[in-house]
Amino acid sequence: MKPGQTQRRPWIVGVSGASGTPYAASVLRALLAAGESVDLVVSRASRLTLLDETGLPFRDAHWQDDLREWLARGADGKPGTFDVRIEDVRHWSAGDLAAGPSSGSYPSKGMLIVPASTACVAGVALGLSKDLLQRAASVTLKEGRKLVVAVRETPLSGQTLRHLVSLDDAGATVLPASPAFYAGATHIQDLVDFVAGRVLDAAGVEHELYRRWEGELGGGSRAT
């Protein structure tokens, strides 16, 4: 690092194979809009989910083009909905266990797993580190950094609930991907942005993704 240069401290964003890739896209757009740097880890399973939910691929060799097209889409699948710059994104292959985020000495602000599958939850809770996503999450916990796990599954089995309690005990924030309606949602993007906004709230990142509760009944029904 050159004298006077500020050290880059990104948020690590892990995308696992659970349904809910629009949640990840919303979180990524909001982080970049807030001026945050991002290190992105997209699991192998999540690439199949992304292809199924959006029709888009995510390829290591073409990740920049694929990411731009993904983040430009709205939750309804319409292309060109958002204009996003990805210069502050660094991509790490999920199979690269020698990547920066695999070490506690690598500087980061914390990690957001959006969405988190039950398999991902189990792997992190048990410390399996079978891929970079799980390893980065384990590192985040052991270093005492913020870890937000946006679990997306229903119903939840007792085994998964026990894994989530283990993550809570370890210091992670367990955040079910559960949209709320008091913010006056009128579009699927509103529901997606609410969950993404709650993830960013847990991380302490400022955003304007949803209308906050102000203690006035009926406010949601009057939202525009």
Side-chain angles (χ1 to χ4, degrees), residues 10-34 36 38-58 66-79 81-82 84 86 89 91 94 110-121 124 133-134 136-137 140 146-156 160 164 167 172-183 185-212:
W11 283 100
I12 303 168
V13 176
V15 186
S16 81
S19 176
T21 54
Y23 294 132
S26 182
V27 165
L28 288 166
R29 286 191 297 264
L31 284 171
L32 296 172
E36 299 285 350
V38 173
D39 276 21
L40 178 63
V41 182
V42 180
S43 77
R44 291 181 179 179
S46 71
R47 299 171 194 224
L48 297 176
T49 306
L50 181 65
L51 185 62
D52 182 57
E53 293 185 343
T54 69
L56 299 174
F58 192 93
D66 293 345
L67 181 63
R68 285 192 188 94
E69 188 170 359
W70 176 27
L71 298 189
R73 292 205 176 196
D76 58 1
K78 183 179 179 180
T81 300
F82 298 99
V84 183
I86 63 168
V89 179
H91 167 256
M111 183 172 184
L112 316 174
I113 305 179
V114 188
S117 67
T118 55
C120 173
V121 166
V124 177
L133 194 159
Q134 291 184 14
T140 300
K146 174 64 72 174
L147 174 64
V148 182
V149 180
V151 60
R152 216 307 306 164
E153 185 60 273
T154 189
L156 294 171
T160 297
L164 292 173
L167 289 178
T173 298
V174 175
L175 195 151
S178 302
F181 296 85
Y182 62 78
T186 59
H187 190 276
I188 186 174
Q189 189 67 54
D190 299 326
L191 297 175
V192 167
D193 286 347
F194 179 87
V195 171
R198 295 299 288 153
V199 170
L200 296 177
D201 287 345
V205 176
E206 293 187 4
H207 65 88
E208 296 181 354
L209 288 176
Y210 69 89
R211 187 186 69 86
R212 297 184 181 277

- prompt: Hey, does the side chain of Ser26 reach the backbone of Pro22 with a donor-acceptor pair shorter than 3.5 angstrom?
  reply: no
field: Any donor-acceptor pair under 3.5 Å from Glu53 side chain to Thr21 backbone
entry: yes
message: Given 3.5 Å as the limit, does a donor-acceptor pair link the side chain of Thr49 with the main chain of Ser19, or not?
response: no
Note, Asp76 side chain near Gln189 side chain (heavy atom, < 4.5 Å): no
statement: The complete set of salt bridge (charged side-chain N to carboxylate O under 4.0 Å, His left out) pairs with one or both residues in residues 193-210, sequence neighbours excluded, reads Arg198-Asp201, Asp201-Arg212
- prompt: Quick check: does any side chain N or O of Ser117 sit under 3.5 Å from a backbone N or O of Ser16, one acting as donor and the other as acceptor?
  reply: no
task: Side-chain contact test, heavy atoms from C-beta onward, threshold under 4.5 Å: evaluate it for Glu69 versus Thr54 and give yes or no.
output: no
Which residues share a ring pair (Phe, Tyr, Trp, His ring centres under 6.0 Å) with His207, sequence neighbours left out: Tyr210
- prompt: Does the side chain of Val199 come within less than 4.5 Å of Val205's, by heavy atoms?
  reply: no
- prompt: Between Val195 and Pro179, what is the shortest heavy-atom contact and its length?
  reply: CG2-N, 3.7 Å
query: Is there side-chain contact between Val15 and Leu133, with heavy atoms separated by less than 4.5 Å?
result: no
field: Face-on cation placement of Arg29 at Phe82 ring, 6.0 Å and 45° thresholds
entry: yes
message: I'd like to know whether Phe181 forms a side chain to side chain contact (heavy atoms under 4.5 Å, CB included) with Leu191, so could you lay out the CA-CA distance, the side-chain angles of the two residues, the decisive distance to 0.1 Å, and finally the verdict.
response: CA-CA 8 Å; Phe181 296 85; Leu191 297 175; 3.8 Å; yes
query: Can you find a pair of side-chain heavy atoms, one from Leu28 and one from Trp70, that are under 4.5 Å apart?
result: yes
